[in-house]
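Working notes for the structure below.
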Amino acid sequence: MTIVSSQKGTIIAALIAPLFVLALPIVDTALAIVRRGFRGLPILRPDRKHIHHRLLEMGVSHRKVVLAFTLSPSFFLSWDLPRSLREGS
């Protein structure tokens with residue numbers, strides 16, 4: 001029983017980690033669908049209102065946008081790392 005309960009946190013973290021990695025693309029896509037739906041546009045119609053387009057229009061360089069999108073999941077995953085390590089020991 002102790003072994004099963006001690007690994008519960010690890011299993012939950014393994015299941016939640018992909019959600020952190022996919023959170024930004026999922027939210028961006030959902031917002032695009034809602035935005036187009038409210039305007040009566042086809043949901044598959046392309047536009048330049050995605051998060052990365054808006055950042056580029058604000059003057060953020062392409063390289064910084066890519067870095068931000070690549071590093072943001074790592075930041076959120078590492079946010080819970082101290083708790084995971086504490087429970088694992």
Side-chain angles (χ1 to χ4, degrees):
M1 184 73 164
T2 307
I3 294 172
V4 172
S5 64
S6 70
Q7 292 182 355
K8 188 186 295 185
T10 305
I11 293 169
I12 291 172
L15 293 173
I16 292 176
L19 294 177
F20 280 109
V21 173
L22 297 173
L24 189 59
I26 290 171
V27 169
D28 190 32
T29 302
L31 290 174
I33 291 170
V34 169
R35 181 177 58 246
R36 293 172 191 156
F38 279 139
R39 293 183 179 158
L41 299 171
I43 61 170
L44 297 178
R45 181 179 178 187
D47 63 15
R48 300 201 48 98
K49 303 230 186 252
H50 287 279
I51 296 170
H52 64 280
H53 290 296
R54 291 180 183 213
L55 289 171
L56 290 170
E57 288 172 2
M58 291 171 45
V60 180
S61 71
H62 186 267
R63 182 182 185 126
K64 287 182 181 178
V65 170
V66 170
L67 281 173
F69 279 31
T70 305
L71 296 177
S72 63
S74 301
F75 169 75
F76 289 112
L77 287 171
S78 65
W79 194 349
D80 195 41
L81 186 62
R83 185 192 60 82
S84 298
L85 293 174
R86 210 173 31 247
E87 285 183 1
S89 49

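Remember, predicted model here, so these are calculated numbers, not experimental data.
Atom NZ in Lys64 sits 9.5 Å away from atom CG in Leu67 (nearest 0.5 Å). To the nearest 0.5 Å, atoms CZ (Arg48) and CG (Leu56) are separated by 7.5 Å.
Clustering ILVMFWY residues whenever any of their side-chain heavy atoms sit less than 4.5 angstrom apart, transitively, puts Phe38 in a cluster other than the one holding Leu31. Following chains of ILVMFWY side-chain contacts shorter than 4.5 Å, one can reach Ile51 starting from Val60, so the two form part of one hydrophobic cluster.
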(request) Evaluate the criterion side chain to side chain contact (heavy atoms under 4.5 Å, CB included) for residue pair Asp28 and Phe69; output intermediate values, then yes/no. (result) CA-CA 12 Å; Asp28 190 32; Phe69 279 31; 5.8 Å; no
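Under the 3.5 Å distance criterion, the side-chain polar atoms of Arg45 are left unmatched by any main-chain donor or acceptor of Arg36. Remark: the backbone N or O of Lys49 is paired with a side-chain donor or acceptor of Arg54 at under 3.5 angstrom.
Taking the six-membered ring where tryptophan is involved, the planes of His50 and His52 are essentially parallel, since the angle between them stays under 30° and well short of 60°.
Nearest approach of Val66 to Thr70, heavy atoms of both residues: O-OG1, 2.7 Å. Between Leu24 and Ser72 the shortest heavy-atom distance is CD2-OG, 4.3 Å.
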